[in-house]
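What you see is a predicted model; the values in this text were computed from it and never measured.
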Amino acid sequence: RCWKLARSSFAAVHLILKSVYPYILLIIIAASIMSSIITSMLAKIFPKQECRSLMLGLDSSGRTTMLYKLKLGEVVTTIPTIGFNVESYCHKSQYITLWDVGGCDKIR
């Protein structure tokens, strides 16, 4: 008796889903279109921001290592900076330009 009840319940659910399925697809497609429209509107209202930053510090303090860790996502072996390094990268919705000045006291 329980089996017949479960079987009839399954058949009822299957019948409902079969009749509702096309409408569910339309809702998913409409939601996708709406999300892309909202995303493009927000991008126009809040454009990507640009940020410039200058890193100063003592010699061998890790400025260049930190610069390339942010840019490449991995630690690289560096040599002492003579002059300066400039790198740009994008973090979330911001373009960040980092200047690493070091080595020569006259440049600072």
Side-chain angles (χ1 to χ4, degrees):
R1 184 176 180 140
C2 290
W3 176 255
K4 287 183 181 180
L5 181 62
R7 189 171 173 189
S8 64
S9 297
F10 179 74
V13 169
H14 184 269
L15 183 64
I16 291 170
L17 286 178
K18 187 176 178 183
S19 62
V20 176
Y21 183 71
Y23 299 108
I24 292 173
L25 285 178
L26 288 176
I27 290 170
I28 292 171
I29 292 169
S32 172
I33 292 170
M34 287 298 293
S35 68
S36 66
I37 290 171
I38 291 171
T39 302
S40 65
M41 288 173 53
L42 287 175
K44 290 178 183 175
I45 294 171
F46 303 108
K48 291 191 174 191
Q49 298 176 352
E50 185 175 334
C51 177
R52 294 182 206 124
S53 182
L54 175 66
M55 291 194 303
L56 294 173
L58 298 174
D59 291 340
S60 301
S61 62
R63 291 182 315 275
T64 307
T65 303
M66 184 169 56
L67 177 73
Y68 288 115
K69 172 70 175 168
L70 290 170
K71 168 83 175 173
L72 304 173
E74 61 185 45
V75 177
V76 295
T77 304
T78 59
I79 59 172
T81 303
I82 306 297
F84 59 91
N85 294 320
V86 181
E87 293 292 338
S88 297
Y89 72 100
C90 187
H91 177 71
K92 295 185 181 177
S93 65
Q94 291 186 341
Y95 287 113
I96 301 173
T97 303
L98 287 171
W99 290 68
D100 167 25
V101 179
C104 183
D105 292 333
K106 293 178 183 177
I107 294 175
R108 290 187 195 171

* Is the side chain of Ser32 donor-acceptor paired with the backbone N or O of Ile28 at a distance under 3.5 Å, no angle test? -> no
* Structure fact -> Going by chain and number, the hydrophobic cluster around Ile29 (ILVMFWY, side chain to side chain under 4.5 Å) further includes Ile33, Ile37, Met41
* Under the salt bridge (charged side-chain N to carboxylate O under 4.0 Å, His left out) test, which residues partner Glu50, sequence neighbours left out? -> Arg52
* Test item: Lys71 side-chain N/O and Ser88 main-chain N/O as donor-acceptor pair under 3.5 Å -> yes
* N/O donor-acceptor pair under 3.5 Å between Arg63 side chain and Leu58 backbone -> yes
* Asked: From Ile45 CD1 over to Ile38 CD1, what is the distance, rounded to the nearest 0.5 angstrom?
  -> 10.5 Å
* **side chain to side chain contact (heavy atoms under 4.5 Å, CB included) evaluation trace for Thr65 with Val75** => CA-CA 6 Å; Thr65 303; Val75 177; 3.9 Å; yes
* Results of side-chain contact (heavy atoms from CB on, under 4.5 Å) for Val76 - residues two or more places apart only -> Tyr68, Leu72, Glu74, Thr78
* Asked: Same cluster for Leu56 and Phe84 if Ile/Leu/Val/Met/Phe/Trp/Tyr side chains link at under 4.5 Å?
  -> yes
* Asked: Hey, any chance Met55 and Leu70 share a hydrophobic cluster, counting ILVMFWY side chains that come within less than 4.5 Å of each other, even indirectly?
  -> yes
* Enclosure of Tyr89 OH (heavy-atom neighbours >12, cutoff 6.0 Å) -> yes
* Asked: Atom CG of Asp100 and atom CG of Leu67: how far apart are they, to the nearest 0.5 Å?
  -> 5.5 Å
* Please round to the nearest 0.5 Å and tell me the distance separating atom SG of Cys90 and atom CD1 of Ile96. => 8.0 Å
